[in-house]
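For ligands, and for the atoms within them, numbers begin at 1 and follow the listed sequence.
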Amino acid sequence: MRYSETKPPVFTLTAGPVDAYPEVLRALGTTVLYDYDPAFQAFFEDLTLKAQEALGCDLPPLILQGEPVLALEGAAASLIAKDDVVLNLASGVYGKGFGYWAARYAKKVEEIEVPYDTAIDPEQVRDFLKSHPEVKIVCVCNHDTPSGTLNDIDAIGAVVADAGALLIVDAVSSWGGMPTSPSSSQAGIYVTGPNKCLGCPPALSLVAVSEAAWAKIEANPDAPFASMLSFTDWKSAWKKTEPFPFTPSVAELNGLSAALDRYLDEGPEQVWARHALTARICREGIKGMGVELWPASEDIASPTATAVKMPTGIDAGNVLREARARYGVSMSAGRAETLGKLIRIGHMGPTAQPGYALLAVAAMGGALNALGAEVDVAAGLAAAHATWDAEIDA
Ligand SMILES: *Cc1c(COP(=O)(O)O)cnc(C)c1O
């Protein structure tokens, strides 16, 4: 028996969007209130304050009406003025991509780019900023998802703060799945979204903006307003007494509320531990069957997605198709520069569960063998299982 490509997979173990938590799915099906009903306005204020608690930011965050690409583009448009010099840090496809947005608004974009299986060295950023005091804004991606690699945004944030510049962070696929926050990274703008580790469908952005970044946005004559990209439009909309710039996505906000409740009830530290353990079991399983991880060092492997290097002569697309057809397991391809070179197993939200790591190892190993790669699936599963048991018995 093979699984049909025209029917949904049995297991979605992708690197985002991920399947939603059952609580979120139920909330998406609840009453759609009129946005100016006082009950909805009070709900939106409470929701924003709940998001602030979860993010641990100083000011109420923005909840924008589009998946996080909206907030990333909006960050570039709102913060960067025509006479700004920006330093973009690129260790992967998303980091690189942010530089193209920055270039639309900045006078000049400088860039530090490193191979996409490595991470940015904060000391290199320090040296660069010393020799380029004109840089006002630095941009970095925390977890560059198409590579499954992490940048140390707290260390980079400290360097950027020392230089008196503002940091824009893309934490879309890390926040909510590992210890990272707007305050620990000293971010001016910290962008994340509910569609990765919070286990919501793709639809909204969460954005923490610091006092200093608001001051810069408000002084930027080119910052958009009356626009989908505008941060300014939404600054006060969280208060139940203030109007919305346009209609919020009521159903998606109901889903976000359920996801934040779930996150805060389970406890962020427990949630992060669950992501970290799932990723560790997965990595041990992959290595145990004799297959290599994509990140050059395991220190920079993300706890929210495991990127697996394809053995020589094996086509990643065929492995994905085979895993889905044989086992009903859907995983993610690479993107742009990493497309065809790796496969990504997501550990985000509902799929950050140890059992899914075993399933992913079995599905990937079986697919590789079906394509003639000759990997030792049993050894991989034994290593994964031993890692899980060691944690249980610790
Ligand atoms: C998912 C993700 C985004 C959102 O972008 P899409 O390409 O639309 O999914 C942004 N940044 C990172 C690092 C992501 O993982």
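- Closest to atom 5 (O) of ligand 1 among all protein heavy atoms lies Val69 CG2, 3.3 Å.
- Proximity of Ala15 to ligand 1, defined as any heavy-atom pair under 4.0 Å, is not found for any part of the residue.
- Of all the heavy atoms of Lys196, the ones lying under 4.0 Å from any atom of ligand 1 belong exclusively to the side chain.
- Looking at atom 15 (O) of ligand 1, its nearest protein heavy atom turns out to be Thr145 OG1, 2.4 Å.
- Proximity of Met348 to ligand 1, defined as any heavy-atom pair under 4.0 Å, is not found for any part of the residue.
- Within the structure, ligand 1 lacks Gly16 among the residues with a heavy atom less than 4.0 angstrom away.
- A donor-acceptor contact shorter than 3.5 Å links the side chain of Ser78 to the backbone of Gly74.
- Ion pairing of Glu113 with Lys96 is present here, as a side-chain N (NZ or NE/NH1/NH2) and a carboxylate O approach within less than 4.0 Å.
- Put simply, the side chain of Asn151 never gets that close to the backbone of Ile153: no donor and acceptor are under 3.5 Å apart.
- Counting the atoms of ligand 1 from 1 in the order shown, those under 4.0 Å from a heavy atom of His143 are 13 (C).
- Polar contact with ligand 1: present for Glu67 (N/O pair, distance under 3.5 Å).
- We find that Lys130 and Asp162 are not joined by a salt bridge, their nearest charged nitrogen and carboxylate oxygen being 4.0 Å or further apart.
- Of the protein's heavy atoms, Tyr94 OH, 2.6 Å lies nearest to atom 7 (O) of ligand 1.
- Using a cutoff of 4.0 Å between basic side-chain nitrogens and carboxylate oxygens, Arg104 and Glu73 are scored as salt-bridged.
- In this structure, Lys341 forms no cation-pi arrangement with Trp294, as its terminal cationic atom is not both closer than 6.0 Å to the ring centre and no more than 45° off the ring axis.
- Less than 4.0 angstrom separates some heavy atom of Cys141 from each of these atoms of ligand 1: 13 (C).
- Panel note: side chain Asn88, backbone Glu110; no donor-acceptor pair is recorded below 3.5 Å.
- For ligand 1, the atoms sitting less than 4.0 Å from at least one non-hydrogen atom of Leu72 are 10 (C), numbered in the order shown with element in parentheses.
- Summarising the contacts of atom 12 (C) of ligand 1 with Asp170, Val191, Leu70, Asn142, the nearest heavy atom is found in Asp170.
- If you number the atoms of ligand 1 from 1 as listed, the ones under 4.0 Å from a heavy atom of Ser173 come out as 13 (C), 15 (O).
- Classification of the Phe44-Trp234 ring pair by plane angle, with boundaries at 30° and 60°, yields tilted.
- Taking 4.0 Å as the cut-off between side-chain N and carboxylate O, Glu5 and Arg321 do not count as a salt-bridged pair.
- Atoms of ligand 1 lying under 4.0 Å from at least one heavy atom of Arg335, given by number and element, are 7 (O).
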